[in-house]
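Each remark here refers to the structure printed beneath this line.
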Amino acid sequence: WRTAGGKAEKLEGALATEAALKSGAGGRRVLHLATHGFFLASNCAGTHGDARHENLLLRCGLAFAGANDRAQAEVGEEDGILTGEEAGSLRLEGTEWVVLSACETAIGELRASEGVFGLRRAFAVAGARTVIGSLWPVDDATSGRWMSVLYRTRLREGTTTAAAVREADLTLLRELRARGLATHPHDWAGFVAAPLSPHGDEDMAGIGE
């Protein structure tokens, strides 16, 4: 990111809090969230009969520092879980990419005439132009390699988002073939980019933050 002329801020460990995200997400050209995501299906234990779970954006979210101790959070305190509903309240009108590199961050539940509800919908509501996420579990090594090619192709070579995603897929596919390994799409095609606005593929030249 820095070699492309921008500034980057990394929060990890105890610093990667829900509060830090909410206060610092606005104004970023790219928001990369490398943390666990979830979407609770309608048949999950504990969802039946709970009116809150009729809101699909309360059944998806991301985990941040402190999530394991969320039961101890007081009313009104951050509990370490950013729900889809909370993500939708972020101000991301200038954000070109929200990258969700954890497993199954691009899935959701289809509602007739309304589309798919999940983290992609939440970040669309927040104003992000494109959300990149995964459709199934992807191992850490594959995810890291795919992301490396994605950013290099987009930022250093100045391609479109679609071209960067395609190059990341093809790079992993070529590497599997070169090693004589199986080339099932599960091992190279887990990530997708969903453009959410007509400005979703603007140039990132002069990226700022």
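Scanning both residues, Trp188 and Asp169, for their nearest heavy atoms gives O-OD1, 3.0 Å.
Residues Leu11 make up the rest of the hydrophobic cluster containing Leu15, defined by ILVMFWY side-chain heavy atoms closer than 4.5 Å, directly or through other members. Residue Val149 belongs to no hydrophobic cluster, having no ILVMFWY side-chain heavy atom closer than 4.5 Å to its own.
By the side-chain hydrogen bond (donor to acceptor under 3.5 Å, both in side chains) test, Glu104 pairs with no residue at all, sequence neighbours left out. Judged as a side-chain hydrogen bond (donor to acceptor under 3.5 Å, both in side chains), and not counting sequence neighbours, the contacts of Thr142 are Asp139. Residues passing the salt bridge (Lys or Arg N to Asp or Glu O under 4.0 Å) test with Asp79 are Arg70, sequence neighbours excluded. Scanning for ring pair (Phe, Tyr, Trp, His ring centres under 6.0 Å) contacts around Phe191 gives Trp146, with sequence neighbours left out. Judged as a ring pair (Phe, Tyr, Trp, His ring centres under 6.0 Å), and not counting sequence neighbours, the contacts of Tyr151 are His32, Trp97. Scanning for side-chain hydrogen bond (donor to acceptor under 3.5 Å, both in side chains) contacts around Glu85 gives Asn55, with sequence neighbours left out. Every residue two or more places apart in sequence or in another chain that forms a salt bridge (Lys or Arg N to Asp or Glu O under 4.0 Å) with Arg145 is listed here: Glu175. The side-chain hydrogen bond (donor to acceptor under 3.5 Å, both in side chains) check on Arg166 picks up nothing, with sequence neighbours excluded. By the salt bridge (Lys or Arg N to Asp or Glu O under 4.0 Å) test, Arg91 is found to be paired with Glu93, residues two or more places apart in sequence or in another chain being considered. Listed by chain and number, the residues in a ring pair (Phe, Tyr, Trp, His ring centres under 6.0 Å) with His186 are Trp136 (sequence neighbours excluded).
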